[in-house]
Structure formats: structure tokens, C-alpha cells
Asks: 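First the structure, then my questions, so here it is.
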Amino acid sequence: MKITDYFSNRTPLPVRVLQFGEGNFLRAFVDWIIHRMNQQLNFQSGVSVVQPIAQGMTDMLSAQDGLYTLYLNGIKNGTAVSEHEVIDCIQRAVNPYTDFVAYLAEAENPDLRFIFSNTTEAGIAFNAEDQLTDAPPASFPGKLTVLLYHRYRHFSGDKDKGCIIIPCELIEKNGETLRDILLQIADHWKLEEGFSKWLTESNTFCNTLVDRIVPGYPRNRIAEIQAELGYEDNLVVEGEQFHLWVIEGPAAAHAEFPADKAGLNVLFTDDMTPYRTRKVRILNGAHTVMVPVAYLYGQEAVRESVEHPVLGQFIKKAIFEEIIPTLDLPKEELVQFAEDVIDRFRNPFIHHLLLSISLNSVSKFKTRVLPSLLEYVARKGQLPQRLVFSLAATIVFYRGKRNETAIPLNDNKEYLDFFAGVWAEWETTQNTAQLAEKVLKLTSAWGKDLTEVPELTNLLTDYLSAILTKGIESAGKEYHLF
């Protein structure tokens, strides 16, 4: 039995949402949220999905009438939970590469109110080769400009026919960036000024921060899942229990998209900066602090590291005692977010390898951990010892071996060459203070000369010496960090 046979009595919904992207994340995040709003708030919104690139999944979606099963797996209220439901808000799927007329017809829909997208970070970019006459333009902004221009002309510039546009691409100020590119395209194509005015005055572009781990299609256990479900579903998608959507937009947009009233972790704000900082410093920062320490300790994955009796305490103290004190949101919000992060790290349904997070660890330390380290010094007048210890572990990690086993380092050539050079020199001189100083003076990596931070060179040298002579476990215990 197919999913379309199993759920053949669905009620059609008016299409109020146009969605660029049919991949796992949007189906496990945005479409799930709309589905819940339909259930809890009588939101009455169907989704039309647009395939943003030539190769995609609209045929598969159409074959299943837009239906698919979502599994949410993770820690919920302290317990490991796996639950599933059929998401039924997608009403149709459009491939502009094979049916451009159907794509333009979406612009003529009087009910259309929301536009969502997730076309990867590279998707929001200006492409000078796009033309108004392309069917379709290559880029996502080009496609969106064509569609909105068609809507503008079809409704004769009606101010009430603009849309609330909420991109989910993981770039800073994604809504503002997308708006500016659309205006750039309009100017490049020499479209009338009235359209540019309509773009900015009749449409609302929201900046967003999205957060949910979505492993995607469970290829390794799909036979087991379909046996459990009792029907065939080729679009099963798995996500974690946790979700967060911060939307920077006006009160009017919140009133029209009141997802929080459905009990969802969707937050409207007039400034998302502190929430982005919170995510980068706590979630991403904890990952970056954890990886070199746990890997050198002998661990392989995130869950095992967090649940380890020694490493787990190290990670929690780094978060609660050294990262949270550098942030400005209310403490109870920061603590709750951090506790959610720990639960996410403990998710028994996700096997997240430390080495997979170690990619580009130098730039990750700069953006995710160094701001906390420097802010801690500014506020407390002393060094955050666990963050500094993690920096020492990162330097030892870039030595390229754990005991006698090679570590597959993955970073840009400049940093790999630098660390190969300083470690080769250390092998000859055994001068750990010189090693620490050279790393801290790598301004291309850190954006500043870190030897200027009081006592950092000395403490880093002590930690490096202890790790190199005694190993990571004994070093951490000697300095009471474990």
C-alpha cells in the first residue's frame, strides 16, 4: 500500500505559501511548522513547492500528492523519544525547468501570502547572467524576481498583493540580503521604478535564524520503517526533536504567522543578533571546545563525549561557567538553551562524529570560541581556563596525531602549512613557549595578536606542556579542569 492510498481522504487547503526548496530541512522544519499551525490554529495554509535547481524531487512529491512521513527523534522532557506523523500541507509541486508556465501561474494566485526558501548559503547570490526572458533564470533570486515581477504586473501593482518573505538560508541578515539582490536585479534588468518601490513597500523581508538537525532520509533502516508504518513512503525524513526559529520582522508579520501560539519554538523579534550570538557561542562554541579535548582523550562521537563522566563535566562547565557569563540575554533563557543543547548532544538517534565537526577548526575557534574567551577576560579580568585548555588541545590536535595514529586534518592550506612548520620546529627545539607564542601571533587566523591578552601566552604554554608530557587526561586533572 502506498501513502496516497493510506491517506486518501485529505482535505485540500488553499495555497497561501510558496516554498523554494523541497529538501529534507524544509520538509522537517517549515512544512512541519505549517502543518502544526493548521492543526492547532486552523491556519488553513497549503504549500506549493518550487524546485529551485534542475535536479530535484518535485516528481517524487507529486507522485505522493505532497504527503510524507516525518520522524522526530531525540531527548524530550528528559526521555529518548521517537515519534512520527504524516505531513499533509504540501498541495502541489512545481518544476520551473519543465513547466515554466505553471511556475508563473503561482504568481497569479490571489491567496499567496508567504514565501519561504532554503536554497543553501550559496543560493542567495547575484547572478549577472540571469535575464528576465530566461525560463527560468538560473539563480534563486533571479527566479524570485521573475515571479514577483509577474505578480506585480498581473495585479497592476496592487499594494495588498505583496508577500511576507522569510528565507531560511544560513547567512547573516538573509532577508535583507535577498531584498537587496532583488533590487539589484531589477536595476540590472532595467525594470520600472514602480516595481522596485512595490518590492520594498508592499513586501516584508524577514531575517531569520533556523535551528534543527535533520539527518534526512533514513536509508539504512527504511525497510524497517516502512514495515512499521504499513505503507510505502519514498520521502520519509528524520529530524531531531529540538527546533528553534527566530524571525526578525515587524509585529504585522508576527500577527499573520503566529506560530508561537501553536506551542512552537518560533520567536519574533526586532533584533535577532543576541539569538544568533547565543547559538554560535553556546551550541557551535561547545562543539568546537569539545572536539579536540574529547578526541585526544580517545572519544569518537559527540554523544559519548557528553555522557562521559569526566568529559561531560568539562563540557558543561565550559558552557555554564565560561560561555554563558559572556552573553547578554536573560540568564534563565541562556540556561534553558544550554540545557537543550546538552540534550541535543545526547541524542541517541544521531551519531555525530567528532572528526566531522573538526573541519576548519581554526576559523571555527575564531568565530565560535575566541569571542567568548576575550569577553570573559573583559568582564572578569581573568582567563577562562577551559576555553584556553581547548585552544591548547586544538594546537595539539593540529600536530596531526593521536598517540601514534594519524589525525586526518581538514583545513585550508595556510593553516595546515603553518602548523606543520611550527610542530616540525618544536620537534627539534622542544620549546613549548615559542610554539604557544607563534600560534597566538597568527593574526591571519585570529584577527589580532593574541599575545597581547594578559597571561594568555603563559597559561597556554603551561597547558601545552602538560598535554605533551602527560597526556590530555592527566593534564586536565592536574589543573582541576576535569
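This chain uses plain numbering: 1 for the first residue, then up along the sequence. These numbers come from a predicted model, not from an experiment.
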Asks: Run the numbers on R92 and E106 for salt bridge (charged side-chain N to carboxylate O under 4.0 Å, His left out), then give the verdict.
Replies: CA-CA 11 Å; R92 57 179 176 261; E106 295 292 336; 2.7 Å; yes
Asks: Going through the distances and angles, do V237 and F25 end up as a side chain to side chain contact (heavy atoms under 4.5 Å, CB included)?
Replies: CA-CA 9 Å; V237 60; F25 180 80; over 6 Å; no
Asks: Using 30° and 60° as the class limits, which term best fits the ring planes of F419 and Y398: parallel, tilted or perpendicular?
Replies: tilted
Asks: If we ignore hydrogens and angles and just use 3.5 Å, is the side chain of Q19 paired with the main-chain N or O of G21 as donor and acceptor?
Replies: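 Yes; at least one donor-acceptor contact below 3.5 Å.
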Asks: Does a side chain donor of either Q44 or N38 reach within less than 3.5 Å of an acceptor in the other side chain?
Replies: no
Asks: Quiz question: by atom type and distance under 3.5 Å, do the side chains of S117 and E169 form a donor-acceptor pair?
Replies: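 Yes, a side-chain donor-acceptor pair sits under 3.5 Å.
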Asks: Under 3.5 Å, is there a donor-acceptor pair linking the side chains of N347 and H352?
Replies: no
Asks: Looking at L67, is its backbone amide N or carbonyl O close enough to the side chain of D88 to form a donor-acceptor pair, meaning the two atoms are under 3.5 Å apart?
Replies: no
Asks: Looking at N73, is its backbone amide N or carbonyl O close enough to the side chain of E240 to form a donor-acceptor pair, meaning the two atoms are under 3.5 Å apart?
Replies: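 Flag not set: sc E240 to bb N73 has no pair under 3.5 Å.
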Asks: Ignoring hydrogens and geometry, is there a side-chain-to-backbone donor-acceptor pair from K279 to D211 under 3.5 Å?
Replies: no
Asks: Could you tell me whether the side chains of Y415 and S361 share a donor-acceptor contact shorter than 3.5 Å?
Replies: no
Asks: Examine distances only and state if a side-chain atom of T69 and a backbone atom of V236 form a donor-acceptor pair shorter than 3.5 Å.
Replies: no
Asks: Please determine whether the number of non-hydrogen atoms from other residues, nucleotides or ligands lying under 6.0 Å from atom OH of Y97 exceeds 12.
Replies: yes
Asks: Answer yes or no: does atom CZ of R379 have more than 12 heavy-atom neighbours from other residues, nucleotides or ligands under 6.0 Å?
Replies: yes
Asks: Under 3.5 Å, is there a donor-acceptor pair between the side chain of T405 and the main chain of K401?
Replies: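 No; judged by distance alone, with no hydrogens or angles, the pair does not exist.
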Asks: Any sub-3.5 Å donor-acceptor pair from Q51's side-chain atoms to T58's backbone N or O?
Replies: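 Flag set: sc Q51 to bb T58 pair under 3.5 Å.
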Asks: Are Y463 and Y479 near enough that their ring centres are under 6.0 Å apart?
Replies: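 Aromatic pair counts; centres sit under 6.0 Å.
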Asks: Are E85 and R36 within salt-bridge range, i.e. N to O under 4.0 Å?
Replies: yes
Asks: Going through the distances and angles, do F7 and Y231 end up as a ring-ring contact (aromatic ring centres under 6.0 Å, His included)?
Replies: CA-CA 10 Å; F7 296 93; Y231 54 82; 5.7 Å; yes
Asks: Check step by step if side chain to side chain contact (heavy atoms under 4.5 Å, CB included) holds for Y275 and E333.
Replies: CA-CA 10 Å; Y275 298 97; E333 287 187 28; 4.0 Å; yes
Asks: Can you tell me if D5 has over 12 outside heavy atoms packed within less than 6.0 Å of its CG?
Replies: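 Yes, enclosed.
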Asks: Look at the side chain of Q226 and the backbone N and O of D233, then say whether any donor-acceptor pair between them is shorter than 3.5 Å.
Replies: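 Yes, the answer is positive, given that a donor and an acceptor are paired below the 3.5 Å cut-off.
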Asks: Test W245 against every option in F257, W32, F268 by the ring-ring contact (aromatic ring centres under 6.0 Å, His included) rule and name the one that passes.
Replies: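 Going through the options one by one, the only one that passes is F257.
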Asks: Q385 and E322: side-chain donor and acceptor closer than 3.5 Å?
Replies: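 Absent: no donor and acceptor within the cut-off.
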Asks: Between K470 and E478, is the salt bridge (charged side-chain N to carboxylate O under 4.0 Å, His left out) condition met? List the steps.
Replies: CA-CA 10 Å; K470 302 172 183 178; E478 176 183 344; 2.6 Å; yes
Asks: Indicate whether any N or O donor in one side chain lies under 3.5 Å from an N or O acceptor in the other, for T326 and R281.
Replies: yes
Asks: Please confirm whether R16 makes a cation-pi placement over F43, using NZ or CZ under 6.0 Å from the six-membered ring centre and within 45° of the ring normal.
Replies: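 Relative to the ring axis of F43, which defines the angle, R16 lies inside both limits.
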Asks: So F482 and Y297, would you call those rings parallel, tilted or perpendicular, with 30° and 60° as cut-offs?
Replies: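 Taking Y297 first and then F482, their aromatic rings stand perpendicular (interplane angle over 60°).
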Asks: Would you say the side chains of D271 and T273 form a donor-acceptor pair under 3.5 Å?
Replies: yes
Asks: So, S305 versus Q299: side-chain donor-acceptor pair below 3.5 Å or not?
Replies: no
Asks: Please work out whether the ring planes of H287 and F345 are parallel, tilted or perpendicular, with thresholds of 30° and 60°.
Replies: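 Parallel, since the angle between the ring planes stays under 30°.
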Asks: Yes or no on side chain to side chain contact (heavy atoms under 4.5 Å, CB included) for I115 and I166, after CA distance, side-chain angles and deciding distance?
Replies: CA-CA 6 Å; I115 297 176; I166 308 180; over 6 Å; no
Asks: Can a donor-acceptor pair be found, under 3.5 Å and without considering hydrogens, that links the side chain of R212 to the backbone of Q241?
Replies: yes
Asks: Going from CG on L355 to CD1 on I357, what distance comes out if it is rounded to the nearest 0.5 angstrom?
Replies: 9.5 Å
Asks: Determine whether a donor-acceptor pair (N or O, by modelled atom type, separation under 3.5 Å) exists between the side chain of T177 and the backbone of N174.
Replies: no
